[in-house]
Trainee: 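Structure provided below as structure tokens; questions to follow.
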Amino acid sequence: MAARATFSRFPVTAEALEACAVQWGIAVTPFAAADERGQAPAAGAGGDRVPRCEHCWAYLNSHCDMERWGWSCSLCGTLNGFDDDALRRLQHPEGWPELTSSFVDLEIPVDGSEGAGDGVQARPVYVAAVDLACSEEFLELIKSALLAALEALIPGSLFGLMTFSHKIGLYDVQGPIPVVKNVFIPPDTEEDGLPVALEDAMPLLSFLAPIDTCKDRIAAALDTLRPTSSWERGAASGQEPDTVLLGGRGFGTAMSALTDYLSSEYGTTFALARVFAFLSGAPDYGDGQLDTRRYGEQYASKGEDPDLALLPEQIPFYKDLAAVAVQAGVCVDIFAITDEYTDLASLKFLSIESGGSLFLYTNTDDSTLPQDIPYAFGCVLRLRTSSDFEPGNSYGHFFPDPQYEHVQHIICCDSFATYAYDFNFSHPEGFSRHTDPAVVQIAFQYSVIEPVKHTSENETQSSTSNMFCLKRRLRIRTLQYRPAKNINEIYDSVDPETLLHILVHKVILISLDKGVKEGRSLVHDWLALLIARYNQALRSDARIPESHVDVDFLQCPQLQMLPQLVFALLRNPLLQLHEEGIHPDYRIYLQCLFSALEPSSLAKAIYPVLVSYSSPDKQAFPRHTLSRAALIMSESPIFLLDAFTNLIVYYSPSADPSLPFPPPHDCLLRTMINELKQGRCITPKLTFIHGGREDSSLFERYLIEEQDVDGTGFTTGKGFVSFRESIRHAATDIIETETWINSCYM
């Protein structure tokens, strides 16, 4: 569990918080294997027996003051007594990891079983739902991707293959020859439903095949997949074959039927079924059809904001289906591989609200499947604070508990998924005691499926069978933050990546509510206010001339990267305008992606990291600004650019011809690339470009500091230099206005 606050020294009053103009909050990655410093949790049992505070319900932790018969809560100060069970356990304190570590991971018995789930059987279940109303290129990509995914699945997992178009295809691969059963989708199924229930067409346990014994037959079934012909689609829709080019994509009906199909074994065969749904276009047949004509409407002539008009969902069908999927234990990942408008604004709810992810690729060349990473499910996240402050807004792909405040439910959570909270003071006076640390406690309860290890009578070594069990665990992290003595201590303790993380969440919400232009204004105005507040703090130093407005935070290294980050955020497609050519589906995809990334990954996605190498085996400089001037001044021949979803190795035109291109597989640069690819939730696309021989536009488009922000008037075409000046003028106006107001009250 990694937890990063926007600053590590907290303001002591609401007035101090307002004066610094820094967002106050925390980003939490609850299922991360270690904390933000790389320390793993102390493990143990008895997660259901950790003492709780009688007043605030916080958990006993290593920051609590211990007494012989009780303990004082580190959050609210309440004195709590130990019960008989706790007193007996205190005789062996080595069995209480929560007394010695502020970060623990404890097992909880499942269904009252002392074996913590050893008797609860659950197998990993995966289903691939493949769109056949597609092109040959799309289908070839999906085949190769699924073949690679099969190799990564744990032996003993169950796998099902389903196709959809104007009909649903179910594959039984457990016999000698793969068999497909088709169920046709009526054009409008809301009233009558499918003519045959999927369970009647094929029993679910025939559909779900064990990976370890059926992998070759699954591969054979994939090889038989073909796009549906225009003749088939025309016959199903009642149209002439020559008039049907694409379409007949009954995605909504297929997902609804699949959810109902899988639900019969939820809690028996599986605890969570993951569905990988591959789409080549918008659903246009059966239930959940989406009208793509709204993308082509002339919003300007109507006086409407196209960025705001294209962000809401068209119909509630997929949001409602996500709620049904949650109840059935089904999590849906959507892979949209298309350059056409697909209305992800409507489709996204099926993925993010069922615990899955949304992925968009504009062509088959750019497509990469997510890596096989551990995940937890059935999660509950609770954040508590000491009594002088409290959580405000919460951000991320979770939903609030209907009964308890500050409790969030997470359907499925991988080791990268991150959630964020704002903090507010409980009263204007702030912290009642300015010397006591503020305390934050994060509790994360979750389930995982683990292989059962057993030792036979004839074996001394334990081995893993193809059986699995359900484990329930409680992870507790308790953190202390010292109060800042002055505003300089606040600024010196800022974490710029976490600050950007909170800011992006706010921008996404305001964009969805009021439009992208409002989101852009929020970012621009906030940076101007921060610079104004920082300069007002500087003016307490007589050595700083009052006429000078420092927009580069020269006296505060922790803030120096913020202008570049904000400039890059304003240039990012997340905040580009419709008239600039940004595709609305791509904006929706970025909203979903950015709102789940941890702070360091998000910072790379917005302002990529550019590293130079003097040779494939020697790094020259760890980070450059994103400008052509930086490339020229470095004089390095090789650059590695990490934009999170893209990795680009660029050889400058002046690179020595003797340098091997592409870099050899056993060099330092390749080692770094492999580490970067392994350390994220999406496999980035790797591109090699030799500037003297190939088109460099893909690399050069990331050199944003010479580019204008946009055409809205914030800058005038001179890139970051002009942006700095516009921010300087805005900050100066704030300072002069507030100075005038203050003088009026003197």
Side-chain angles (χ1 to χ4, degrees), residues 127-134 138 162-170 182-198 201 228 232-233 236-239 244 246-263 273-295 310-328 330-338 340-360 411 584-585 588-589 592:
V127 176
V130 181
D131 180 4
L132 293 187
C134 65
F138 170 88
M162 185 187 90
T163 59
F164 61 89
S165 55
H166 62 283
K167 60 186 177 181
I168 297 171
L170 304 175
N182 292 311
V183 177
F184 284 85
I185 301 174
D188 187 355
T189 57
E190 288 186 359
E191 294 182 4
D192 302 327
L194 291 175
V196 179
L198 299 189
T228 54
E232 290 180 277
R233 294 192 295 271
S237 62
Q239 302 177 47
V244 181
L246 288 174
R249 189 176 294 107
F251 177 68
T253 303
M255 289 298 101
S256 181
L258 177 61
T259 299
D260 184 59
Y261 189 33
L262 292 169
S263 65
R274 300 204 64 167
V275 175
F276 303 129
F278 299 95
L279 266 176
S280 66
D284 57 5
Y285 189 82
D287 290 341
Q289 296 181 44
L290 296 173
D291 184 359
T292 59
R293 290 175 297 179
R294 71 171 182 167
Y295 178 52
L310 293 169
L311 287 176
E313 60 182 326
Q314 279 191 54
I315 56 175
F317 178 86
Y318 292 99
K319 193 169 190 176
D320 295 341
L321 181 55
V324 175
V326 169
Q327 297 300 316
V330 175
C331 165
V332 183
D333 293 306
I334 295 178
F335 301 85
I337 306 171
T338 175
E340 299 178 355
Y341 179 60
T342 308
D343 191 15
L344 296 186
S346 298
L347 290 170
K348 69 177 182 180
F349 293 103
L350 178 57
S351 58
I352 63 175
E353 295 202 358
S354 70
S357 299
L358 175 69
F359 303 92
L360 173 66
I411 306 305
D585 281 343
I588 293 293
Y589 161 67
C592 295

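Just so you know, these numbers use all the heavy atoms, side chains as well, and skip hydrogens, waters and symmetry mates.
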Trainee: On a heavy-atom basis, which atom in Asp585 and which in Glu340 lie closest, and how many Å separate them?
Mentor: OD2-O, 3.7 Å
Trainee: For Asp291, is there any backbone N or O sitting under 3.5 Å from a side-chain donor or acceptor partner on Gln314?
Mentor: yes
Trainee: What is the minimum heavy-atom distance between Met255 and Leu350, and which atoms define it?
Mentor: CG-CD2, 4.0 Å
Trainee: To the closest 0.5 Å, what do you measure between OG1 (Thr338) and CG (Leu360)?
Mentor: 8.0 Å
Trainee: Could you grab the distance from atom CG of Asp333 to atom OG of Ser354, nearest 0.5 Å is fine?
Mentor: 7.5 Å
Trainee: Quick one: does Ser256's side chain get under 4.5 Å of Leu321's, heavy atoms only?
Mentor: yes
Trainee: Measuring only between side-chain heavy atoms, which start at C-beta, is Arg249 closer than 4.5 Å to Leu279?
Mentor: yes
Trainee: Return the minimal non-hydrogen interatomic distance between Ala133 and Thr228, and the atom names on each side.
Mentor: CA-OG1, 3.9 Å
Trainee: Is there a side chain to side chain contact (heavy atoms under 4.5 Å, CB included) between Tyr318 and Glu313 once you walk through the steps?
Mentor: CA-CA 9 Å; Tyr318 292 99; Glu313 60 182 326; over 6 Å; no
Trainee: Where does the angle between the aromatic ring planes of Phe278 and Phe335 fall among parallel (under 30°), tilted (30 to 60°) and perpendicular (over 60°)?
Mentor: parallel
Trainee: Less than 4.5 Å apart, side chain to side chain, heavy atoms only: is that true for Val330 and Val127?
Mentor: no
Trainee: Mind listing the closest non-hydrogen atom pair of Ser165 and Ile185 along with its distance?
Mentor: O-CD1, 3.7 Å
Trainee: Do Pro195 and Pro186 have side chains that approach each other closer than 4.5 Å (heavy atoms only, starting at C-beta)?
Mentor: yes
Trainee: Can you name the closest pair of heavy atoms from Glu353 and Ile411 and give their distance?
Mentor: O-CG1, 4.0 Å
Trainee: First locate atom CD of Gln289, then atom OG of Ser346, and finally report the distance between them rounded to the nearest 0.5 Å.
Mentor: 13.0 Å
Trainee: What distance separates Leu198 CG from Leu258 CG, expressed to the nearest 0.5 Å?
Mentor: 7.5 Å
Trainee: Are the side chains of Thr292 and Thr342 in touch, meaning some heavy atoms are under 4.5 Å apart?
Mentor: no
Trainee: Please report the shortest heavy-atom distance between Ala322 and Phe349, naming the atom on each side.
Mentor: CB-O, 3.4 Å
Trainee: If you round to the nearest 0.5 Å, how far is OH of Tyr261 from CG of Leu170?
Mentor: 5.0 Å
Trainee: Does the side chain of Ile168 come within less than 4.5 Å of Met162's, by heavy atoms?
Mentor: yes
Trainee: Contact between Leu347 and Leu344 at the side-chain level, heavy atoms closer than 4.5 Å - yes or no?
Mentor: yes
Trainee: Are any of the side-chain heavy atoms of Phe317 and Asp287 separated by less than 4.5 Å?
Mentor: yes
Trainee: Roughly how far apart are Lys167 NZ and Thr253 OG1, rounded to 0.5 Å?
Mentor: 15.5 Å
